[in-house]
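Encoded as structure tokens, the structure appears first; notes follow it.
Counting starts at 1 for both ligands and their atoms, in listed order. Keep in mind it's a predicted model, so treat the numbers as computed, not measured.
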Amino acid sequence: MTIPHLAAADGTTLPAIGLGTYRLNGSAGVDAIGQAIRAGYRLIDSAVNYENEGAVGRAARSAGDVRDELIVTSKLPGRHHRYDEALTTIEESVFRTGLDRVDLYLIHWPNPKVDLYVQAWRALIEARERGLVRHIGLSNFLPEHIERLVAETGVAPVVNQIEVHPYFPQQEAIDYHRENGILVQGWSPLSHGNDLQQHPVVVEIATALGVSPAQAILAWHVARQVIPLPKAASPQRQVENLDVFGIKLTDAQVEAITALGRPDGRLSDQDPAVYEEF
Ligand SMILES: NC(=O)c1ccc[n+]([C@@H]2O[C@H](COP(=O)([O-])OP(=O)(O)OC[C@H]3O[C@@H](n4cnc5c(N)ncnc54)[C@H](OP(=O)(O)O)[C@@H]3O)[C@@H](O)[C@H]2O)c1
């Protein structure tokens with residue numbers, strides 16, 4: 001299955017869908033991620049805090065020729081935002097994957113109260129210059145944090161990975177990123193497997209299109225040019241989630257799913273303005 005790519009302002013392209021890997025760990029994780037790569041996934045999410053960079057790296061190393069097409073991702077945890085610690089943490093991520101480099105490295109959360117994310121960003125810039133990572137970006141950053149980073153370093157992120165699903169569609173944030181040439185990855189794109197797939201609006205649209213509710217939701221992300229990162233352990237669900245680029249929602253269907261959004265629709269009340277993760 002060939003996956004389309006989306007481009008950031010600097011010309012960097014990323015696959016239009018990726019595999020979420022939270023809770024895919026150990027040997028079972030290697031098997032699940034390996035089968036996803038064989039099914040066609042080329043963007044693999046991960047983070048220091050998921051404790052599965054080893055599994056992701058092992059699956060990527062077994063991928064043979066397609067290794068060069070993979071975007072293996074990791075994320076810097078909040079406890080290591082200080083410049084020197086951040087650089088060492090990135091090196092450790094590379095060592096844990098067993099790869100020559102990590103393809104995409106993100107700052108996991110801005111932790112604005114701690115206020116060290118500019119140092120962390122400088123470390124990511126240096127890591128890219130040293131060839132430890134290919135591309136650098138952010139996760140859970142608000143426009144005010146992004147603008148400060150760009151003003152202080154002159155370097156813009158290629159991507160920001162944020163919470164996006166029909167209960168929290170983030171239209172304003174998506175417009176901001178599009179205007180600034182920053183790609184958006186959507187975390188928990190299926191709303192972490194809660195009741196969303198049984199919602200009557202989703203079920204009705206999926207039935208009309210002859211697809212599964214999960215596919216209708218992922219096609220909604222694709223229509224909004226958000227890169228969804230669905231996590232699925234089984235080969236059947238992985239393939240189902242990848243097979244969404246032929247599904248065309250009408251504007252009315254996109255709007256009907258977006259209308260499921262609620263101001264309090266975040267899954268765990270993690271507002272990046274105040275939430276801290278270490
Ligand atoms: N940057 C951040 O702060 C952040 C935060 C949260 C998550 N993330 C990333 O985003 C990824 C995805 O988010 P998530 O894991 O929270 O949740 P998700 O991808 O929204 O949902 C995963 C759940 O949906 C189920 N599912 C997957 N495909 C399905 C299908 N076709 N039909 C029915 N059910 C299906 C999965 O079941 P099975 O597991 O049984 O397959 C699992 O229970 C994470 O794995 C992680 O990589 C990043």
Side-chain angles (χ1 to χ4, degrees), residues 14-15 17-25 28-29 31-33 35-36 39 41 43-53 55-56 59 71-78 104-111 117 137-142 145 157 159-170 173 183-199 202-203 206 209 211-222 226-244 247 257 260 265-273 275-278:
L14 293 180
I17 193 167
L19 180 75
T21 69
Y22 182 57
R23 300 255 158 105
L24 296 179
N25 299 60
D31 291 347
I33 297 160
Q35 82 210 356
Y41 286 85
L43 170 61
I44 313 292
D45 193 51
S46 178
V48 170
N49 280 350
Y50 302 171
E51 299 180 339
N52 67 355
E53 291 165 302
V56 169
I71 301 287
V72 170
T73 307
S74 192
K75 310 189 193 84
L76 181 74
L104 176 63
Y105 213 91
L106 313 178
I107 304 176
H108 206 148
W109 286 88
N111 287 8
Y117 61 80
L138 307 169
S139 178
N140 300 302
F141 274 56
L142 298 174
H145 309 135
V159 67
N160 190 16
Q161 183 183 125
I162 58 176
E163 178 173 358
V164 187
H165 45 76
Y167 290 146
F168 200 63
Q170 297 247 49
L183 296 172
V184 175
Q185 291 180 341
W187 62 254
S188 294
L190 298 172
S191 200
H192 201 61
N194 65 9
D195 62 355
L196 175 65
Q197 291 177 57
Q198 287 89 52
H199 194 289
V202 172
V203 171
L209 293 165
V211 301
S212 71
Q215 287 177 315
I217 297 162
L218 294 170
W220 169 81
H221 286 281
V222 169
V226 169
I227 300 171
L229 303 172
K231 176 260 176 182
S234 73
Q236 293 79 6
R237 283 180 171 182
Q238 289 174 354
V239 169
E240 179 184 325
N241 294 348
L242 211 50
D243 188 15
V244 294
I247 304 169
I257 297 179
L260 301 180
R266 292 185 196 276
L267 285 168
S268 309
D269 200 22
Q270 294 171 320
D271 177 353
Y275 178 76
E276 296 184 276
E277 184 164 307
F278 296 94

For [X], atoms of ligand 1 separated by under 4.0 Å from a heavy atom:
| X | value |
| --- | --- |
| P230 | 19 (O) |
| G193 | 21 (O), 23 (C), 24 (O) |
| S139 | 1 (N), 2 (C) |
| A214 | 30 (C), 31 (N), 32 (N) |
| T21 | 45 (O), 47 (O) |
| W109 | 3 (O) |
| D45 | 9 (C), 46 (C), 47 (O) |
| K75 | 1 (N) |

If you measure from [atom] to every heavy atom of [options], which option wins on shortest distance?
| atom | options | result |
| --- | --- | --- |
| atom 33 (C) of ligand 1 | H165, Q161, Q197, H108 | Q197 |
| atom 20 (O) of ligand 1 | I44, L190, N52, N140 | L190 |
| atom 31 (N) of ligand 1 | N194, N49, N241 | N241 |

Minimum heavy-atom distance [X]-[Y], with the two atoms named:
| X | Y | value |
| --- | --- | --- |
| F278 | P77 | O-CB, 3.7 Å |
| I17 | N241 | CD1-O, 3.2 Å |
| V226 | P228 | O-CD, 3.0 Å |

So which heavy atom in the protein is nearest [atom], and how far is it from that ligand atom?
| atom | result |
| --- | --- |
| atom 19 (O) of ligand 1 | K231 N, 2.9 Å |
| atom 12 (C) of ligand 1 | L229 O, 3.0 Å |
| atom 37 (O) of ligand 1 | R237 NH1, 2.9 Å |
| atom 45 (O) of ligand 1 | Y22 N, 2.9 Å |
| atom 6 (C) of ligand 1 | W187 CE3, 3.2 Å |
| atom 41 (O) of ligand 1 | A233 N, 2.9 Å |

So, is [X] polar-close to ligand 1, with some N/O to N/O distance under 3.5 Å?
| X | result |
| --- | --- |
| L19 | no |
| A232 | no |
| S234 | no |

E277 heavy atom under 4.0 Å from ligand 1:
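No, that is not the case, since the closest heavy atom of the residue is not under 4.0 Å from the ligand.
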
Is the closest heavy-atom distance from S212 to ligand 1 below 4.0 Å?
no

Sub-4.5 Å side-chain heavy-atom contact between [X] and [Y]:
| X | Y | value |
| --- | --- | --- |
| K231 | Y22 | no |
| V48 | S74 | yes |
| L229 | L43 | yes |
| W220 | V202 | no |
| K75 | D45 | yes |
| P166 | L196 | yes |

Would you indicate whether H192, at its atom NE2, is surrounded by more than 12 heavy atoms from other residues, nucleotides or ligands within a distance under 6.0 Å?
no

Can you tell me if OH on Y275 sees more than 12 non-hydrogen neighbours from other groups inside 6.0 Å?
yes

Is the backbone N or O of [Y] less than 3.5 Å from a side-chain atom of [X], with the two atoms forming a donor-acceptor pair by type?
| X | Y | answer |
| --- | --- | --- |
| E163 | S191 | no |
| Q238 | A36 | yes |
| N160 | F141 | yes |

Angle between ring planes, Y167 versus H165, binned at 30° and 60°: parallel, tilted or perpendicular?
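Taking H165 first and then Y167, their aromatic rings stand perpendicular (interplane angle over 60°).
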
Below a 4.0 angstrom heavy-atom separation, can you tell me which part of [X], side chain or backbone, both or neither, approaches ligand 1?
| X | answer |
| --- | --- |
| E163 | neither |
| P189 | both |
| H192 | both |

